[in-house]
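Note that ligands are numbered from 1 as they come in the structure, with each ligand's atoms numbered from 1 the same way. Just the heavy atoms: all of them, side chains too, but no hydrogens, waters or symmetry mates, feed the values below.
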Amino acid sequence: MAEQVQVVKPDLNFINDVIKSGGESLKKCYQCSTCTVVCNATPDSKPFPRKEMMYAQWGIKDKLISNPDIWLCHQCSDCTAYCPRGAKPGEVIGAVRKIAIKNYSAPSALANMVADPKYFLVLFAIPVIILLAIIAALGNLSDVPRVDGKIVYSEFMPIIYIDIVFVLAAAFAAGSFAMGIRKYWKDMSGGIKLKGNLFNGIKETIFEILAHRRFQKCNVTKDRKISHLLVFYSFVGLAITTTLAIIYIYGFNYKSPYPLYDPLKIIGNISGVALLVGIGLIVKNRIKNAEKAGSGSYFDWLFIAVVAVVAITGMGAQFLRLADIGFLAYPTYFFHLVFVFFLFAYAPFFKMAHMVYRTVAMVFAKQSEREA
Ligand code: SF4
Ligand code: SF4
């Protein structure tokens, strides 16, 4: 029988990209497999992360970024802590995930800008200009109207304009995610129709995410579960708050500001505090585990910083309004809107996207029977 020869064409740009994205330790790997042995998150058949280290060293981009395993890894860093060569496989796979997000999100020019710190001010300027233009057109830049002498943010920036801007931003993000997921699923499955039950895969994945069960498998960075749960459930709480606000306004014409004892305010404030605590714990854990797990890249810190600013300005705007400090309250509220826009409009291009691609990979792993 003729021997089958597979020619591997290394993509040198991809290798450099992995190195630049936080996988600088990649070349140290000598394929001993210790990382695969200590990883508690990998399936037994074709386990990771040794094979991913090999693909990354060889620059086999297509095989790596379309691989669901890069998302089954939860960056617990057990492998990084035990690697005898200091090759940090957890960080290398993290770098590959960033490249996967960049690869699947469209338009790619925007993805490249979000990944590059030198474009931060340009991206930041987009919501600033849009929101400033609306506020200036309403004549609220120099003279903000008050209601019964009190600060009312919906007078400064009427709800209808917020709705238009944020619905358009969310629609843009949803469209980009839809295109990315379609392409990613096609690449993972190789165009083959899977036999597993999609509904069961989705259901099991949702339960797994709600309990953050995979984080329990971590040894080195055990404390990540609490911080991630706090951030996850605070996002759920804030989504409920936003839904309630829509029902109040469009269902009952009941406009803000709402009293602190209103269910909307109670859920919103608990979620805001949980977000602050959760993000604070993530920062603390990253600093504490930097030596064992790596300190993270611009991509990681951009997400953490944007979420932190959203939480601080959201809570701050409320306190400044209640304290009636107008000259600080309005700018704080303005920057809150700017960063919420940043978080949602650019979601498909930065770390926020990991929630979506990881979920899709987990569903795929179940439907394809990669995982039980
Ligand atoms: S990353 Fe480290 S532990 Fe894993 S195969 Fe390479 S050298 Fe061994
Ligand atoms: S970071 Fe954790 S989950 Fe990812 S490959 Fe290493 S040991 Fe496995």
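Looking at T36, its side chain does come within 3.5 Å of a backbone N or O of R50 through a donor-acceptor pair. Put simply, the side chain of R370 gets close to the backbone of S45: a donor and an acceptor are under 3.5 Å apart. The main-chain N or O of Y254 is found under 3.5 Å from a side-chain atom of Y258 such that the two form a donor-acceptor pair.
Here S77 has backbone heavy atoms under 4.0 Å from ligand 2, and that is the only part of it that gets that close. Neither the backbone nor the side chain of K217 has a heavy atom within less than 4.0 Å of ligand 2. The part of A41 lying near ligand 2 is the side chain, judged by heavy-atom distances below 4.0 Å.
Taking every non-hydrogen atom of Q75 and a distance limit under 4.0 Å, the qualifying atoms of ligand 2 come out as 1 (S), 4 (Fe). Taking every heavy atom of C73 and a limit of under 4.0 angstrom, the matching atoms of ligand 2 come to 1 (S), 3 (S), 4 (Fe), 5 (S). Using a 4.0 Å cut-off to heavy atoms of H74, the atoms of ligand 2 that qualify are 3 (S).
At least one cation-pi condition fails for R224 and F215: the charged atom is not both under 6.0 angstrom from the six-membered ring centre and inside a 45 degree cone around its axis.
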Taking it one step at a time, do N140 and Y330 satisfy side-chain hydrogen bond (donor to acceptor under 3.5 Å, both in side chains)? CA-CA 10 Å; N140 288 347; Y330 291 114; over 6 Å; no
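Taking the six-membered ring for Trp, Y346 and F172 have ring centres at least 6.0 Å apart. Between F334 and F156, a ring centre-to-centre spacing not shorter than 6.0 Å is recorded.
Residues of the protein with a heavy atom under 4.0 Å from ligand 1 are C29, Y30, Q31, C32, S33, T34, C35, R50, M53, C83, P84, R85, A87, P89, listed by chain and number.
Between K51 and D69 there is a salt bridge, since a side-chain N of the basic residue sits under 4.0 Å from a carboxylate O of the acidic one.
Q367 and N197 share no donor-acceptor pair across their side chains, judged by distance under 3.5 Å alone.
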